[in-house]
Amino acid sequence: MLELKTPREIAAMGVTGAFISGLLDNLTQRAQPGVNLLDLEQRARELIKERGAESCYWDYAPSFGRGPFRNVICLSVNDAVLHGLPHDYVLRDGDLLSLDIAVSIDGWVADSARSVIVGVARDEDKHLIEATERALEAGIAAALGGNRLGDISAAIGAVVTGYGYSVNTEFGGHGLGRTMHEDPHVSNIGRAGRGLKLKPGLTLALEPWIARTTDKIIFDPDGWTLRSADGSRTAHSEHTIAITDGEPLVLTARNQT
Ligand code: MG
Ligand code: MG
């Protein structure tokens, strides 16, 4: 079922989005060489508890995972791209870290992801992250009332392929609001002018992700973490947005605090 949200409900999702944005600011600043992933998980738990928010990941048990998940954030390093299980790993100079988190406050969910480079960056990693961020911006720009879902997917896919990368179609964006995953699915590639018509009140998580030299992924033996099939590095950018009568609202926009 596809639920359109009222302006008041969208504002409530924006409160959650602003919290997530601040949490990601906090954690990305902490993500320095020598920091353990478990410390980042711990800090995320503290911030969620202090705010009275609820993790959408804790006890998450989808069909593909070795559930239930007992963490509040996904931390994916280098070739890991999605659902990275926080584990005992000390970040090293040059690591590419993706952080993905969804929480709910007063029953309303927001979901956002960022990739950052720990310490000194390689040019090829900067390029990869830039591609996901530009693809996300393009997807948001296409998220206009009257457009179709395929316009968003096509815009994201055009940027990714324009950078010379390929698109995996197994995991993409999604509707969200009262829960973390609602209809519709938002592919990271598609045909403009096709699919669901976008209406004001539709709330979506757009999330382009890329592996540098493959569109195939494999499961880590931990049962959760998805890695690029060829070991190449990966990046992921995600925002929660709302379709309006005018420009889309980016509910997890950076620099809100
Ligand atoms: Mg996410
Ligand atoms: Mg998501």
Side-chain angles (χ1 to χ4, degrees), residues 2-3 5 13-14 16-25 27-28 31 37 40-41 44 47-48 53-65 67 69 71-77 80-86 96-105 108-116 129 132-133 135-137 139-140 143 149 152-153 156 160 167-189 202-211 217 224-226 234-243 248-254:
L2 206 154
E3 184 194 13
K5 278 77 177 180
M13 289 175 68
T16 312
F19 168 72
I20 284 185
S21 173
L23 184 150
L24 288 174
D25 287 343
L27 293 188
T28 51
L37 295 182
L40 298 178
E41 162 71 22
L47 291 168
I48 288 171
E54 207 170 301
S55 168
C56 298
Y57 291 173
W58 193 265
D59 279 346
Y60 184 53
S63 57
F64 55 81
F69 198 72
N71 296 275
V72 301
I73 190 163
C74 291
L75 299 170
S76 305
V77 180
V81 62
L82 297 173
H83 311 149
L85 187 70
L96 199 169
L97 172 67
S98 298
L99 309 94
D100 188 1
I101 190 160
V103 307
S104 97
I105 296 175
W108 292 101
V109 174
D111 183 4
S112 185
R114 290 182 201 172
S115 290
V116 294
I129 294 172
T132 61
E133 290 182 348
L136 179 56
E137 285 167 14
I140 293 167
L149 204 55
I152 296 177
S153 300
I156 291 172
V160 173
V167 177
N168 170 288
T169 54
E170 290 164 87
F171 291 92
H174 49 92
L176 77 174
R178 296 178 195 274
T179 62
M180 174 167 61
H181 288 129
E182 299 179 357
D183 288 336
H185 172 73
V186 189
S187 176
N188 285 328
I189 198 159
L202 181 65
T203 47
L204 300 171
L206 307 185
E207 48 181 314
W209 61 272
I210 307 170
I217 45 176
W224 283 103
T225 308
L226 290 166
T234 65
H236 181 202
S237 297
E238 176 177 26
H239 275 312
T240 295
I241 67 161
I243 314 294
L249 294 173
V250 183
L251 303 176
T252 49
R254 295 189 191 185

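Note that ligands are numbered from 1 as they come in the structure, with each ligand's atoms numbered from 1 the same way. The model shown is predicted, which means the values in this text are computed figures rather than measured ones.
- To the nearest 0.5 Å, atom CD1 of residue Ile48 and atom CD1 of residue Ile101 are 4.0 Å apart.
- Looking at residues two or more places apart in sequence or on another chain, you find no ring pair (Phe, Tyr, Trp, His ring centres under 6.0 Å) involving Tyr57.
- Each protein N/O/S atom under 2.8 Å from the Mg ion (ligand 2) was counted, for a total of 4.
- Evaluation of the side-chain hydrogen bond (donor to acceptor under 3.5 Å, both in side chains) rule for Thr225 yields Asp222 as partners, not counting sequence neighbours.
- Each of Thr169, Ile189, Val186, Val167 was checked for a side chain to side chain contact (heavy atoms under 4.5 Å, CB included) with Ser153, and the lone residue meeting it is Val186.
- Ring to ring, Phe69 and Trp58 are not that close: their centroids are 6.0 angstrom or more apart.
- The side chain to side chain contact (heavy atoms under 4.5 Å, CB included) check on Glu133 picks up Ile129, Ser237, Arg254, with sequence neighbours excluded.
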